[in-house]
Each structure stands twice: as structure tokens, then as C-alpha cells.
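Right, one structure below, let's go through it.
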Amino acid sequence: MHQILIIGSGPAGFSAAIYAARAGLKPILFASSVEPGGELMNTTEVENFPGFPDGIQGPDLMAKMQEQAEKFGTEVKYEDVSEVELLGDVKKVMVTSGQTYEAKSVIFATGSAYKKLGLPAEERLSGHGISWCATCDGFFFKEKTIAVVGGGDSAMEEATFLTRFASKVYVIHRRDTLRASKIMQQRAFDNPKIEFIFDSEVADIAGSDSVTGLTLRNLKTGETSELEVQGIFVAIGTDPRTRLVHNQLELTAEGTIAVQDQSSKTSAKGVFAAGDVIDSVYRQAIVAAGAGAKAALDAEHFLASLED
Ligand code: NAP
């Protein structure tokens with residue numbers, strides 16, 4: 001039986017792995033088979049992670065974290081976890097390839113998933129002009145007119161990045177003030193290719209094979225208008241990924257995994273959680289990394305108490 005299994009390969013997962021591996025716990029970390037590395041794999045320049053005064057590309061930062069975790073003995077499995085059993089003394093993690101792993105403790109660092117607009121056309125045109133990842137798909141929109149939905153840092157970052165390819169980028173936001181940090185707002189305001197459409201929501205997406213336009217609704221006047229675009233990037237935040245633990249761990253009203261006080265302890269003994277899956281407020285790589293360290297330390301103390 002293993003000492004510790006870590007689910008998730010973002011900053012929380014790898015930070016937990018570094019600490020657990022250095023404590024001699026030989027952690028196994030489950031990274032996705034499709035998209036290991038978490039949210040930072042879809043980011044360009046990370047400017048606010050301490051230690052990198054000139055910035056670092058998101059994927060490079062994740063590669064360094066993985067290298068550091070493996071250096072101390074973390075075993076990374078490129079597998080998707082399909083099911084977990086957390087309530088007994090022996091925790092079980094099942095992966096889609098059919099294997100079951102057993103351990104005395106588990107750290108959940110499954111992060112969060114992109115929110116959708118909830119429009120019928122969204123599924124149909126996903127990958128055909130609708131995207132949630134500018135760094136993945138921006139290249140396909142060379143000299144096109146596109147829209148970014150959202151008013152947070154992600155929307156500003158995506159819009160600014162997309163001006164490298166697109167001839168014009170509309171930012172559609174449901175209010176008249178942005179949620180994004182001042183520096184990100186200013187960068188977008190200063191960009192001549194970006195135009196803001198405030199107080200508006202996307203009411204419909206047009207196109208049979210690929211996106212051809214949007215119907216916008218002004219939320220103050222109720223009026224609708226058409227906007228011709230060939231692409232739409234949705235950047236309206238994320239939801240914590242808790243599907244695996246429903247009915248096993250307590251969740252908060254915000255839908256994150258509930259942890260006790262300042263710790264990473266969940267409602268199940270020997271199960272710890274860290275990163276965006278417990279955080280509906282800060283959702284920063286550095287905060288997730290700190291939370292991952294806490295989870296590994298909590299797990300270490302728990303395992304030591306079992307020995308006693
Ligand atoms: P966010 O801060 O939650 O912003 C989501 C935006 O989408 C808000 O403007 C929100 O509008 C809007 N929105 C939410 N649901 C919507 C809906 N159904 N329809 C239309 N609009 C909707 O999410 P985020 O931008 O992904 O950022 C998440 C966290 O990551 C933040 O802490 C952010 O600072 C951080 N982040 C940092 C960086 C960076 O520093 N480089 C880059 C990206 C993200 P309202 O404003 O009206 O609520």
C-alpha cells in the first residue's frame with residue numbers, strides 16, 4: 001500500500017509532491033492523460049510568480065515544478081482518475097486504464113474547469129469558432145474578427161494575447177466596470193485592436209459549421225444587436241472540479257471542497273485538499289502552491305500519527 005496519492009498536476013499537486021517526496025513518502029501523482037500541468041499550461045507569460053523577475057511561460061513553470069517533484073522521487077502517472085473511495089482507512093483511487101491504487105492518504109488538487117455560457121449553440125460549435133483557451137486556439141484566428149466574453153484577468157489576458165493574431169478583438173462584459181486587475185485592464189484599454197462592449201451578454205451564437213456572428217443583448221436597455229465575428233473565446237471564470245468526491249467529502253456553499261480552519265483537512269480522515277478546488281476567492285498559482293505544501297505537511301503529520 002502507498003503512503004500518499006496526489007490527484008492533480010497543477011501548482012498545488014506538484015508543490016504537495018515536492019514536500020511529500022522530500023519527506024520520504026514516495027508520492028504517486030496522477031496527471032491527466034490529455035492535459036497534464038493544469039491551468040498554467042494554457043497561460044502565456046506568468047509575471048507574478050515570485051522568483052521569476054523577468055516572467056516565465058506557464059508551461060515552462062509547470063515543467064520546472066514537475067522536474068523538482070520527480071527529482072525527489074515523485075512518480076507521475078499520466079492517467080485519468082475515474083473513481084475514488086475515501087471513507088475507509090484504505091483509500092482507493094481507480095484510473096480509467098483499469099488499475100486501482102491503494103494508500104493511507106490522498107491529496108486532492110484537481111483544480112477547476114472553465115465555465116460555459118450555457119447557450120445551446122455552445123456545444124455544437126465548440127472547436128468550430130468557440131474556444132476557452134486563447135493560447136491553444138488563437139493561431140487559428142489570423143486576421144479574423146473575434147470576441148472575448150468576460151471582465152476578469154483571464155478575459156483581459158486572452159484579449160491582449162489574441163491581438164497577436166486577430167485583426168480585431170471585441171471584449172463583451174455584462175457590467176460597465178471590469179473585475180480585472182488595473183494593470184491588465186490598462187494593457188487592454190491601451191491596445192488599439194481591442195474594443196469594449198459593456199453592459200452586454202451573448203444571447204445567441206450564429207453559424208452552422210463555424211461561428212459567423214453573435215446576438216448581443218444590452219442588459220440596461222434590453223435591446224439586441226448582431227455582431228459579425230468568426231470566433232468567440234469564453235473567459236468567464238471556472239468551477240471547482242469536485243465530481244469525484246460528491247457524496248464522500250463535504251463541500252462549501254461555493255462548491256469547493258470544505259477544509260477545516262486554516263488546514264487542508266477535508267471531512268474524511270486522511271484526505272486533504274489544496275489549490276483551486278478549495279479556493280473560490282484567490283485562485284492564484286502561488287496560493288495553490290502554498291496550499292499544496294500545507295496539504296503535504298498535514299498528510300505527513302497524519303501518517304506519523306498512524307505510526308504512533
Ligand atoms: P473571474 O475573476 O471570476 O472573472 C470572471 C468574469 O466573467 C467576471 O468579469 C464576471 O462578471 C464574468 N462572468 C461570470 N459569469 C458570467 C456569465 N455567465 N456570463 C457573462 N459573464 C460572466 O475569473 P478569471 O478572469 O478567470 O480569473 C480567475 C482568477 O485567476 C482571478 O483571481 C484572477 O486574478 C486570476 N488570473 C490572474 C491572471 C494574471 O495575474 N496574469 C490571469 C488570469 C487569471 P462580473 O465581473 O460581473 O462578475
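Atoms within each ligand, like the ligands themselves, are counted from 1 in listed order. In this chain, residues are counted from 1 in sequence order.
Remark: the backbone N or O of Thr177 is paired with a side-chain donor or acceptor of His173 at under 3.5 angstrom. No donor-acceptor distance shorter than 3.5 angstrom exists from the side chain of Glu250 to the backbone of Ser267, with no hydrogens or angles considered.
Considering only non-hydrogen protein atoms, atom 21 (N) of ligand 1 sits nearest to Ile236 CG2, 3.5 Å. For atom 16 (C) of ligand 1, the closest non-hydrogen atom on the protein side is Arg174 NH1, 3.3 Å. Here the protein heavy atom with the shortest distance to atom 46 (O) of ligand 1 is Arg175 NH2, 2.7 Å. The protein non-hydrogen atom at the shortest distance from atom 23 (O) of ligand 1 is Gly237 CA, 3.6 Å.
At a threshold of 4.0 Å, the pair Glu47-Arg187 counts as salt-bridged, since one of the basic side-chain nitrogens sits closer than that to a carboxylate oxygen. Between Glu201 and Arg174 no salt bridge is recorded (no basic side-chain N to carboxylate O distance below 4.0 Å).
The cationic group of Lys116 does not satisfy the cation-pi geometry with Tyr114, failing either the under 6.0 Å distance to the six-membered ring centre or the 45° limit from the ring axis.
Every atom of ligand 1 is numbered from 1 in the order shown, and the set under 4.0 Å from a heavy atom of Gln284 is 31 (C), 32 (O), 33 (C), 34 (O), 35 (C). Annotation for ligand 1: atoms under 4.0 Å from non-hydrogen atoms of Glu157 are 41 (N), 42 (C). Interface of Gly152 with ligand 1, defined as ligand atoms under 4.0 Å from a residue heavy atom, comprises 4 (O), 6 (C), 9 (O), 25 (O). Below 4.0 Å from some heavy atom of Asn48 lie the following atoms of ligand 1, by number and element: 40 (O).
Looking at Arg283 and Thr238, their side chains do bring a donor and an acceptor atom within 3.5 Å of each other.
By the 3.5 Å distance cut-off applied to N or O atoms, Gly151 is counted among the residues near ligand 1.
Between atom NZ of residue Lys193 and atom CZ of residue Phe165 there is a gap of 10.0 Å, rounded to the nearest 0.5 Å. The CD1 atom of Ile286 lies 9.0 Å from the CG atom of Asn48; values are rounded to the nearest 0.5 Å.
The heavy atom nearest to atom 36 (N) of ligand 1, considering only Val287, Asp279, Thr177, Asp153, is found in Asp153. For atom 8 (C) of ligand 1, the choice among Arg283, Glu158, Arg179 with the nearest heavy atom turns out to be Arg179. Between the choices Tyr114, Tyr282, Phe49, the shortest heavy-atom distance to atom 32 (O) of ligand 1 belongs to Tyr282. Of the listed options Ser112, Ser154, Gly58, Ser154 places a heavy atom closest to atom 44 (C) of ligand 1.
Of all the heavy atoms of His173, the ones lying under 4.0 Å from any atom of ligand 1 belong exclusively to the side chain.
Counting heavy atoms of neighbouring residues, nucleotides and ligands inside a 6.0 Å radius, atom NZ of Lys168 exceeds 12 of them.
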